[in-house]
Number of protein chains: 2
Amino acid sequence: MANNISDVIERYLKRILQQSQSGMVELQRGDLAELFQCVPSQINYVISTRFSVDYGYVVESKRGGGGYIRIRKVELDPTTPLSRIAQSIGHTLSQREAEAIVESLLRENLLTRREYSLLKTVVHRDVLGVDLPLRDELRARLLAQSLVALTMARAEDE
Amino acid sequence: MANNISDVIERYLKRILQQSQSGMVELQRGDLAELFQCVPSQINYVISTRFSVDYGYVVESKRGGGGYIRIRKVELDPTTPLSRIAQSIGHTLSQREAEAIVESLLRENLLTRREYSLLKTVVHRDVLGVDLPLRDELRARLLAQSLVALTMARAEDE
DNA sequence: TATAATATAGTCAATAATGGTCAAAGTCAA
DNA sequence: TTGACTTTGACCATTATTGACTATATTATA
């Protein structure tokens, strides 16, 4: 479609992702930027707009000498309850709401008791220990991302 | 994967550690540096960043003639380790240190893959999303309390 | 035995080699 | 014309590499 560099880079990455057996690409930001004659931060833009977790990608990177960016495609079934709930969590979340969520997940056997216990701790105000409203925002991120992690962990476990 | 010498040396050391029955490797710093064509202090860098006690290794050394560096992999005591590790976590904790801890717990089978994935998420700087030094303090609380929660969690509900 | 020479390993700070963030400026279609 | 999307670059953060200087142990020598 569009002739902008971002789309070109996107197609390039998706093509090599498809071709790789492992479902993973590893690249150096500077190399890719050079290949497409753009500034390095353009690569970050492409990744953040087109390879986010919402689209089913996991991106890891490392800075420093020998650094890299690694993109993996994960099977993320959006109908699975955990990821649906993760998506339904907004920008802020009270402790009461968070506890209601993890308790219902435990009841439905979507969490083990250990996982439940762990999440109960993670969302507790004393553990977070920062002031509102930051605390509720932090809690929302922690719980949402934790549920996403659990969704993907299952996929990885084979 | 890695284009840097540090990672290559790390893999080399882990390979011979695996191959040795004793779970121990002894080497001379200068020899290893020569083998990999790097300065000797690079070996110290690799050891301090990848073979710290957080990663489950103990390193001893001796200077002078016949000097050596000895790396041992230590098994965690499977009876109380989670709580012990929780106690050893101080007031502040970097992402790198936190990951070292959860990786070694996974390796020792003290965490399931899902729990590992979850904790990896909880200690990630992007998820915490607050500035240093608060971030490292928050991470220390989260991980320490999470491990305590796991210690106390009732074993799996049928 | 004292001392000097030699052979190791350790520390630390400077520099290099990466990737990340953010906001300003540019582009383009509705 | 406006608003969403893209492009750019200055500045930031993290990790790796190097080497000068330091510390310690062993061995040779006076």
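In what follows, chains carry the letters A, B, and so on, assigned in the order in which the sequence lines appear, proteins first and then strands, with residues in each chain numbered from 1.
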CD of A:Glu26 versus C1' of C:dT18: gap in Å, rounded?
13 Å
So, does B:Arg125 get its side chain near the phosphate of D:dC12, meaning an N or O under 4.0 Å from OP1 or OP2?
no
What's the closest nucleotide to the B:Asp7 side chain, out of D:dA16, D:dC5, C:dG19?
D:dA16
Should the pair A:Glu97-A:Arg139 be classified as a salt bridge under the 4.0 Å nitrogen-to-oxygen rule?
no
Using the 3.5 Å cut-off, write out each protein N or O paired with an N or O of nucleotides 20-27 of chain D and the distance between them.
from	atom 1	to	atom 2	distance (Å)
D:dA23	O4'	B:Arg63	NH1	3.1
D:dA23	N3	B:Arg63	NH1	3.0
D:dA25	O4'	B:Arg63	O	3.3
D:dT26	OP1	B:Lys62	NZ	2.9

Check A:Glu137 with A:Arg141, please: is the shortest side-chain N to carboxylate O separation under 4.0 Å?
no
Figure out the CD1/P separation between A:Ile71 and C:dG20, and round it to whole Å.
10 Å
Between D:dA16 and B:Gln42, is there an OP1 or OP2 to side-chain N/O distance shorter than 4.0 Å?
no
Between the protein and nucleotides 28-30 of chain D, list every N/O to N/O distance that falls short of 3.5 Å.
none

Among the nucleotides D:dT17, D:dT14, D:dC5, whichever has the atom closest to the side chain of A:Tyr45 is D:dC5
Whole-Å distance, B:Asp131 CG to C:dT21 C1', equals 12 Å
Check the distance between C:dG20's C1' and A:Ile43's CD1 and give it to me in whole angstrom.
13 Å
Please check if the side chain of B:Glu115 supplies one atom and the backbone of A:Glu115 the other of a donor-acceptor pair under 3.5 Å.
no
For A:Asn44, which contact category applies under a 4.0 Å heavy-atom criterion: base, sugar-phosphate, or nothing?
base
Among C:dG20, D:dT17, D:dT8, which is the nearest nucleotide to the side chain of A:Cys38?
D:dT8
Can a side chain N or O of A:Gln28 be found less than 4.0 Å away from OP1 or OP2 on C:dT18?
yes
Rounded to the Å, how far apart are A:Asn3 CG and D:dT7 C1'?
15 Å
Is a donor on one side and an acceptor on the other found under 3.5 Å between the side chain of A:Gln95 and the backbone of A:Arg125?
yes
Say whether, by atom type as modelled, one donor and one acceptor occur between the side chain of B:Asp136 and the main chain of B:Thr92 under 3.5 angstrom.
no
Between the side chain of B:Gln37 and the main-chain N/O of B:Glu34, is any donor-acceptor distance below 3.5 Å?
yes
What's the closest nucleotide to the B:Arg96 side chain, out of D:dT15, C:dG19, D:dG9?
D:dT15
Nearest-angstrom distance from the residue atom CD1 of B:Ile69 to C1' of C:dT8
10 Å
Quick one: does any side-chain atom of B:Ser117 pair with a main-chain N or O of B:Arg114 as donor and acceptor, under 3.5 Å?
no
Minimum side-chain heavy-atom gap B:Leu150-B:Leu111 below 4.5 Å:
yes
Under the ring-ring contact (aromatic ring centres under 6.0 Å, His included) rule, collect the residues that match up with B:Tyr116, sequence neighbours excluded.
none
Which residue, B:Asp126 or B:Ile47, contacts DNA chain C at a nucleotide closer to its 5' end, judged by nearest heavy atom?
B:Ile47
Looking only at side-chain N and O atoms, does A:Arg70 come under 4.0 Å of OP1 or OP2 in C:dG19?
no
Counting only side-chain heavy atoms from C-beta out, which of C:dG20, C:dT11, D:dT6 sits nearest to B:Arg29?
C:dT11
Could you tell me the separation between the CZ atom of B:Arg135 and the P atom of C:dT21, rounded to a whole number of Å?
10 Å
Any A:Ile69 side-chain heavy atom under 4.5 Å of A:Leu32 side chain:
no
CG of B:Leu32 versus P of C:dT8: gap in Å, rounded?
14 Å
